[in-house]
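Down below is the structure, laid out as structure tokens.
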Amino acid sequence: MRAQPTASHFVNGTYRNCPDGDRFTSIYPATGETIAELTFASASLVDEAMETAAKAQKAWAATAPAERSRILRRAAELLRERNRELSELETLDTGKPLQETLIADAASGAESLDYFASLAATMTGQHIDLGGGTFAYTRREALGVCVGIGAWNYPIQIACWKAAPALACGNAMVFKPSEVTPLSALKLAEIFKEAGLPDGVFNVVQGDGRVGAQLASHPLTAKVSLTGSVATGKRVAALAGEHLKKVTLELGGKSPLIIFDDANVENAVAAAINANFYSTGQICSNGTRVFVQTGIKEALLRRLQERTQAGVLLGDPLDERVNVGPLVSSAQHEKVLGYMALGREEGARLVFGGGKATVASLPEGYFVEPTVFADVRDDMRIAREEIFGPVMCVLDFETEEEVVARANATEYGLAAGVFTRDLTRAHRVVQDLEAGTCWINTYNLTPVEMPFGGHKASGIGRENGHAALESYSQVKSVYVENGDVEAAY
Ligand code: TXE
């Protein structure tokens with residue numbers, strides 16, 4: 001199976017190779033086969049991409065917002081028209097089931113482009129009366145060249161979530177996908193060009209953390225938006241601080257999903273499944289600490305096991321019936337298996353799963369079993385560290401006060417969920433949870449209209465919603481004098 005792109009990079013409206021860059025490959029996680037061979041961008045190609053973007057940005061910012069909207073909307077249509085082709089590519093690159101990529105990846109990218117296209121022309125300033133005919137007004141202006149750095153779990157979605165608000169505001173973007181999943185961002189660049197985006201406004205360069213660091217500290221970078229781990233977030237924030245770049249960080253989590261004993265058990269079980277096993281558990285906002293009030297604990301565990309055993313279909317992610325694919329890479333496979341072993345060593349009760357999964361036709365695939373540990377204690381590493389695989393930790397609780405304190409006792413604060421039929425309690429609990437996104441009686445839904453981002457170590461700034469427009473633009477205040485200018489002499 002091959003998914004070789006025309007070339008590794010896309011700069012100034014054309015595919016570019018970089019023969020002097022280090023070589024790397026993309027592999028299909030279900031088989032370990034190489035599907036594409038690429039190169040990292042050299043320092044000079046990164047410079048060229050930044051310079052090209054800086055030039056193109058001036059004209060793009062001067063383009064009427066309604067025209068910018070039309071181009072972004074056309075790109076959304078093209079994403080939808082090519083959804084199957086893009087989804088198959090995303091499945092090859094990430095190993096996520098086609099069943100998921102058909103609805104959650106390019107489709108979410110298209111939603112984001114449509115949404116920010118519709119907001120592009122609504123960005124207005126204020127008029128401020130200062131008396132005596134004097135006034136001030138504000139303009140909301142683009143920042144310049146924004147750098148996007150992506151993670152490997154939702155490659156095209158992440159590229160769109162960053163590009164859509166950036167371009168809507170009149171910025172240019174240089175995007176670096178994760179070196180684990182380099183392919184779909186190049187297709188997005190092609191689509192933007194076909195939709196009429198001027199050359200140089202959206203560019204893709206490949207590379208690992210070294211290229212990421214060069215981009216984050218580049219003299220022409222106005223802002224950097226990263227999706228990745230907390231460790232990388234700290235490095236990017238340090239670079240951004242040193243060079244005074246604006247920064248948005250979407251980082252990891254160890255989010256709580258709290259289930260009170262008056263909850264609708266079937267819905268709570270469905271949410272716990274989605275919050276831990278969708279995308280084989282590789283989602284930053286996953287509710288991996290499932291706090292269950294003791295009254296319904298055994299009933300909930302039983303239904304969780306019954307539904308998982310009856311419903312999970314592991315296999316080739318290109319088969320649309322398959323609902324659990326492999327992990328993204330051999331490194332992630334080792335990491336997740338290590339945490340499964342650790343859970344046992346730490347004394348958690350293994351309810352089901354707990355190891356490597358075998359798919360007879362795909363012996364080299366990075367498969368693991370969806371896994372549930374019960375009787376997990378707060379101090380266990382499996383309850384404290386982000387695993388980024390299908391490993392659910394179930395923890396018992398007795399009272400509301402206790403569970404809120406324990407849910408908050410983490411450095412992370414990306415997301416949280418509450419299941420209860422008592423809505424007064426739901427709102428009270430949500431108010432006290434230290435998390436950027438909370439769900440009541442559902443989990444992991446992230447519509448583009450809703451700002452998304454983390455409290456505490458889970459991030460800085462917000463993606464999506466009106467908040468994203470604010471973070472990709474800056475205010476200029478203009479004071480207009482209507483009287484004479486007084487001076488001391
Ligand atoms: O992420 P990294 P990795 C977590 C998850 C996973 C772990 C490692 O737990 O197991 O992180 O994944 C770029 N300056 N998440 O190694 O390293 C890098 O090239 C600038 C959670 O893939 O954080 C890539 O494009 N950029 C997460 C991006 O940062 C740098 C999603 C993310 O890579 C850089 C993915 C540097 N110094 C992994 N170093 C989530 N929360 O969604 C690396 N990069």
Side-chain angles (χ1 to χ4, degrees), residues 22 24 26 29 38 40-41 46 93-96 147-155 157-159 161-162 174-185 204-218 221 223-243 245 247-255 278-288 327-339 366 368 381-382 384-391 411-415 435-437 444 446 452-454 456-460 463:
D22 292 347
F24 74 108
S26 166
L38 301 95
F40 289 164
V46 169
D93 217 6
T94 61
K96 292 195 296 177
V147 162
I149 301 178
W152 43 254
N153 55 343
Y154 278 83
Q157 184 196 87
I158 290 170
W161 281 20
K162 297 188 189 309
V174 176
F175 186 79
K176 189 199 82 62
S178 164
E179 61 273 36
V180 181
T181 52
L183 301 177
S184 56
V204 176
V205 292
Q206 307 289 351
D208 60 10
R210 290 166 296 178
V211 172
Q214 190 192 347
L215 288 166
S217 52
H218 198 279
T221 299
K223 174 196 169 99
V224 50
S225 175
L226 165 83
T227 300
S229 59
V230 169
T232 304
K234 287 179 182 168
R235 279 185 219 116
V236 168
L239 283 175
E242 189 184 335
H243 298 273
K245 313 294 189 194
V247 67
T248 297
L249 302 173
E250 276 315 322
L251 308 175
K254 191 76 192 178
S255 300
Y278 199 75
S279 291
T280 321
Q282 301 164 115
I283 299 183
C284 52
S285 51
N286 269 357
T288 46
L327 293 164
V328 75
S329 65
S330 158
Q332 196 62 19
H333 194 224
E334 289 308 307
K335 178 180 165 186
V336 173
L337 289 173
Y339 275 107
Y366 309 130
V368 293
R381 278 181 57 203
I382 56 165
R384 295 201 325 265
E385 298 174 13
E386 185 178 46
I387 299 174
F388 231 58
V391 182
E411 63 164 333
Y412 296 112
L414 190 56
T437 302
N444 254 355
T446 52
F452 179 76
K456 304 199 285 189
S458 290
I460 293 176
E463 297 201 294

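In each ligand, atom 1 is the first atom listed, and ligand 1 is the first ligand listed.
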About how many Å separate CG of L251 and CD1 of I460, when rounded to the nearest 0.5 Å? 8.0 Å
Residues at least two apart in sequence or cross-chain that pass ring-ring contact (aromatic ring centres under 6.0 Å, His included) with F40, listed by chain then number, are F24
Quick check on K335: does its NZ atom have over 12 non-hydrogen neighbours (other residues, nucleotides or ligands) under 6.0 Å away? yes
What one should report as the nearest heavy-atom pair of A41 and V46 is CB-CG2, 3.9 Å
Partners of E463 by side-chain hydrogen bond (donor to acceptor under 3.5 Å, both in side chains), sequence neighbours excluded? K162
Under a 4.0 Å heavy-atom cut-off, which residues neighbour ligand 1? I149, G150, A151, W152, N153, K176, P177, S178, E179, D208, G209, G212, A213, L226, T227, G228, S229, T232, R235, V236, L251, G252, C284, Q332, K335, E386, F388
State which residues pass ring-ring contact (aromatic ring centres under 6.0 Å, His included) with Y366; sequence neighbours excluded, sorted by chain then number. H333
